[in-house]
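One structure is given here, and the rest of the page talks about it.
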Amino acid sequence: MHDVPTYDPAAVEETWQARWVERHTNEPDLDRPARPFFNLMMFPYPSAEGLHVGNMFAFTGADIFGRFQRLQGHDVFEPMGFDAFGIHSENYALSVGTHPGKLIPRNIDTFRRQLRRFGGMFDWRHELSTTDPAYYKWTQWLFLQLFNAKLAYKKRAAVNWCPKDKTVLANEQVINGRCERCDTPVEQRSLDQWFFKITEYAERLLRNLDTLDWSDSTLALQRNWIGKSEGAELVFRTPAGQAITVFTTRPDTVFGATYLVLAPEHPLVEALTAAEQRADVRAYQRQVQSKDVVSRRVGDREKTGVFLGSYARNPATGDAVPIWIGDYVLMEYGTGAIMAVPAHDDRDHEFATQFKLPIRQVVRVEGETLPFVSEDGLLMNSGRFDGRPCRDGGREIVAWLAAQQVATPRVQYRLHDWCISRQRYWGPPIPIIYCDRCGPVGVPERDLPVLLPPFEDFRPDDSGVSPLARHTEWYNVPCPQCSAPGRRETDVSDTFLDSSWYYLRYPSTEFDDRPFDPDRTRTWLPVTTYIGGNEHAVLHLLYSRFITMVLKDQGRVSFEEPFPKLRAHGLIVKDGAKMSKSRGNVVIPDAYIKQWGADTFRMYLMFLGPFQEGGDFRDEGITGVRRFLEKVWALAHEAVRTADGRLPEAVERKLHQTIRKVTTDTATLGYNTAIAAMMEYVNVIREHGAGSRGAMRPLILMLAPYAPHLAEELWVLLGGTGRSVFDERWPSYDERLAEAGDVEIAVQVNGKLRARLALPRGASQDDVVARALAEEGVKKFVDGNPVKKVVYVQDRLVNLVV
RNA sequence: GCCCGGGUGGCGAAAUCGGUAGACGCAAGGGACUUAAAAUCCCUUGGGGGCAACCCCAUGCAGGUUCGAGUCCUGCCCCGGGCACCA
């Protein structure tokens, strides 16, 4: 064995990272690409802790995909940016006594350094940060497009208020009644808020899901979130003529509705309350209001409520049914009022039992006892609808009641309008000026951006208004329409608005007079492949789809789905447990990259489990990958000194099988098995002592997406003359060579494996059976019995049934 | 409660149009080289039985379909994630 120079990843990686910059290797021609491929990954929030291993895992997987596409001959655009506005940065700045405006640039510097160091194929010409006025100018512009289209509106609303972060939260940011950031129980407050009418797009957002190439889990999450229910609104009238409208998904059970329940906040409660019940009703309402959202929604589920002392007529039966209020009915969903069918709804049953209300069975299902909710039954106690199947009967009942003007078919979504205002500092100011004469007026485009003033005093307070509202010199401005004294909106917008359009900005970052250039957008969008975590399956992805639909409706883009192909990666855990600071098991990538090199670290991350499922990070495992790269390094150096000739047959066959496997696996993000296949190939080369150029060059090409620095280095060593291995083409394989040689055929007797035969491909059934019967191990089990049946699978298996 | 995933060696995991279970890697044990160690190389490694060729058992549990089931069907159990008093 000749001397092989030591593999020094740090040196190799530094050299090539410098060359990539000098040679503009990662900068595609954005104006005239032959085969554009927009490889997008979810941009990170630049935390003070730096890039963590979860980011690194995601970016590595996405980068491998981009590099693979590049080798397939695409012009791959792989940009990177920073989602740097938001409560997280602001809270961190407060906790360490600095200003987010100072903190964020430092954090971004760290991230940029880390992202270069791990070897991402990023086009840094197109880096963006959502906090850059050149970016948020257009975030504000986007708000104005929705405002002008009447898709943004302000309303006083009971909103989620986090007493710790002192801000309003979107429904999506409330987890089990608690703030998703700080876990504080969320309170209800009534404030004026800006909303986007995403509910107007609910049906389209739902329907389009069928056209998307997304993972099933992500699609399911979105469907769930949109939460479509079909049913009807039914009207119950009081003797005084008041109409109480309820929403139900089970109009077939209306004959079983024995009472009504309204949400305690329902506007009709006052009018429906009898004098003698007034005190009790008031007390109950106060009690509910004082509950925090946690105990109302998820904590104590015991049914409570109060009788209002009045009645309404069931439109189907004509019976007078009592009207109650109860906090298990929510004002935000449906009409805030329900018809209670205690026989066929568990919650209603519980309530009726508690308060001794009548229970009337109207559905019969074999073997079921009350209460049950099945729709697979026949109606009973339902007048002329008796005996009808539930679903048909329901339709007929709605038609019957609709003719009397007391029923309307209705579709209900769980999705709420998107509350986008935040009473905080670290975000883009909402570009609105209030004028006593003109009302809310959009800031004219020529005056954008509305700069976020660099106030040192940005601490939020309990007032329910933004810190910007403390600065009269900032918010007092003339009305852009009539020049009368006006006042700026002092709320800033939600971070999810920043991230709802960043993919549109990337190809157009150099244009300061337009948010996204029409030509660039036509060339590069929609995004070819989007890779990111399922934690954004609902919020970010739903908002981005909505914004894109709005832009499409305004004729600003030609597509309505920004991410036709999306792949979600899994989560990475450490030694079987979720990483967290408190557990002390957070993996800091820098230390690993320093010790092992970026190429080894990238490959290890991809080897520890299926990319789309995540995996368990264990320190011990990394040595295997490093050993593999050392072997490749040594074989390549050996190959240089070896005369090239035809590969040994076994090596050639394995090579073609490997190219086949690595190609399909890389294309489908099956990185762990692709790496395993390359390891197998290297093992075969070593067994045959066949480390020649012909054996190694295709391997280096396949390895390039995974270990780009090493591949560049070895490509030059093996005679590559171009500027980069990524200007080469992915190797192709020959199916015939991959399938050459004998196949092993399993011989079963009665389904149990008894022997293996090595035979040429394509042997006939008769030959195989004859050979099988000659085997000792087979004879023994056939034992002279006649073979009753032969199952033969060409080139794989024969099963003799005796 | 509902909706997605997922349960395979000591460990991370392969194999799903039903067709040779455990590829690849880690760890462990044995050996070679070395004054020694590291590194490297070779061998063994799911469980049980046998001197051996071999045999039996084994993919969360219980059934079923099939010549044949990790894979399909029925009913359960457990783990992870999401939604959740949504009418």
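Only this structure's heavy atoms are used, side chains among them; waters, hydrogens and symmetry mates stay out. All chains are named by letter (A, B, ...) in the order of the sequence lines, taking the proteins before the strands, and each is independently numbered beginning at 1.
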Problem - Residue pair Leu415(A) / Leu542(A), side-chain heavy-atom distance below 4.5 Å - result: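 Leu415(A) reaches Leu542(A) side chain to side chain.
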Problem - Leu800(A) and Leu773(A), any side-chain heavy atoms less than 4.5 Å apart - result: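 Touching, per the 4.5 Å side-chain cut-off.
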Can you sort out the partners of [X] under ring-ring contact (aromatic ring centres under 6.0 Å, His included), two or more places apart, ordered by chain and number?
{"X": "Trp596(A)", "value": "none"}
{"X": "Tyr592(A)", "value": "Phe601(A), Phe617(A)"}
{"X": "Phe351(A)", "value": "Tyr259(A), Trp324(A), Tyr328(A), Phe355(A)"}
{"X": "His349(A)", "value": "none"}

Exercise for the section: Look at Glu638(A) together with Arg686(A) and state whether they make a salt bridge at an N to O cut-off of under 4.0 Å. Expected result: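 Here Glu638(A) does not pair with Arg686(A) in a salt bridge, since their nearest N and O are not under 4.0 Å apart.
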Exercise for the section: Flag the pair Asp376(A) and Arg391(A) as a salt bridge only when some basic side-chain nitrogen lies within less than 4.0 angstrom of an acidic carboxylate oxygen. Expected result: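 Salt bridge present between Asp376(A) and Arg391(A).
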Take the protein atom [atom1] of [X] and the nucleotide atom [atom2] of [N], then report the distance between them rounded to whole Å.
{"X": "Met678(A)", "N": "A14(B)", "atom1": "CE", "atom2": "C1'", "value": "16 Å"}
{"X": "Arg223(A)", "N": "C83(B)", "atom1": "CZ", "atom2": "C1'", "value": "15 Å"}
{"X": "Leu571(A)", "N": "C4(B)", "atom1": "CG", "atom2": "C1'", "value": "14 Å"}
{"X": "Glu375(A)", "N": "A87(B)", "atom1": "CD", "atom2": "C1'", "value": "13 Å"}
{"X": "His349(A)", "N": "G1(B)", "atom1": "NE2", "atom2": "P", "value": "18 Å"}

Exercise for the section: Would you tell me if any nitrogen or oxygen in the side chain of Arg686(A) comes within less than 4.0 Å of OP1 or OP2 on C41(B)? Expected result: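 Yes.
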Got a list of side-chain donor-acceptor pairs under 3.5 Å for residues 743-760 of chain A, not counting sequence neighbours?
residue   : atom : partner   : partner atom : Å
Asn750(A) : OD1  : Val802(A) : N            : 3.0

Problem - Closest-nucleotide 5' rank along RNA chain B - winner of Val801(A) and Ser217(A) - result: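 Result of the comparison: Ser217(A).
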Problem - RNA chain B: 5'-proximal contact among Ala337(A) and Ile745(A) (nearest heavy atom) - result: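 Looking at RNA chain B, the more 5' nearest nucleotide goes with Ile745(A).
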Handout entry: Euclidean distance for C1', A13(B) against A62(B) (whole angstrom)
Key =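 Result for the C1' pair: 28 Å, nearest Å.
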Practice task
Considering only atom P, compute the distance from C77(B) to C24(B) and round it to an integer number of Å.
Solution key: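 It works out to 38 Å between them.
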Practice task
Would you please name every residue forming a side-chain contact (heavy atoms from CB on, under 4.5 Å) with Ala58(A), sequence neighbours left out?
Solution key: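 In terms of side-chain contact (heavy atoms from CB on, under 4.5 Å), with neighbours along the sequence ignored, Ala58(A) is linked to His569(A).
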Exercise for the section: Not counting sequence neighbours, list each pair that qualifies as a salt bridge (charged side-chain N to carboxylate O under 4.0 Å, His left out) and has a residue in residues 219-232 of chain A. Expected result: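 Residue pairs passing salt bridge (charged side-chain N to carboxylate O under 4.0 Å, His left out), neighbours aside: Glu203(A)-Lys228(A), Asp210(A)-Arg223(A).
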Handout entry: Any pair counted as salt bridge (charged side-chain N to carboxylate O under 4.0 Å, His left out), so long as it reaches residues 624-634 of chain A, sequence neighbours left out
Key =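 Applying salt bridge (charged side-chain N to carboxylate O under 4.0 Å, His left out) to every pair that reaches into residues 624-634 of chain A, excluding sequence neighbours, yields Arg626(A)-Glu630(A).
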At 4.0 Å (heavy atoms only), tell me whether [X] reaches a base, stays on the sugar-phosphate, or touches nothing.
{"X": "Arg754(A)", "result": "sugar-phosphate"}
{"X": "Glu744(A)", "result": "base"}
{"X": "Phe781(A)", "result": "sugar-phosphate"}

Return the polar atom pairs (N/O with N/O) between nucleotides 16-19 of chain B and the protein under 3.5 Å, or none.
residue : atom : partner   : partner atom : Å
G19(B)  : O2'  : Arg796(A) : NE           : 3.0
G19(B)  : N2   : Gln748(A) : OE1          : 3.3

N/O to N/O distances under 3.5 Å, protein versus nucleotides 57-60 of chain B:
residue : atom : partner   : partner atom : Å
C57(B)  : OP2  : Lys752(A) : NZ           : 3.0

Handout entry: Per-nucleotide protein contact string for nucleotides 23-28 of chain B, where B marks a base within reach and S marks sugar-phosphate only (heavy atoms under 4.0 Å, - for neither)
Key = BBSSS-
Handout entry: Minimum-distance nucleotide to Arg618(A) side chain [options: C11(B), C85(B), C4(B)]
Key =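 In terms of side-chain proximity for Arg618(A), the closest of C11(B), C85(B), C4(B) is C11(B).
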Completion exercise
Base-pair string, RNA chain B, Watson-Crick plus G-U, cut-off 3.5 Å on both distances, | for inter-strand, is (((((((..(((......[....))).(((((.......))))).((((....))))..(((((..]....))))))))))))....
Practice task
For the residue pair Thr199(A) and Tyr413(A), confirm or rule out a side-chain donor-acceptor distance under 3.5 Å.
Solution key: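 Judged by distance alone, the side chains do not pair up.
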Exercise for the section: Quick one: classify the glycosidic conformation of G10(B) as syn or anti, with syn meaning within 90° of 0. Expected result: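 Base orientation: anti.
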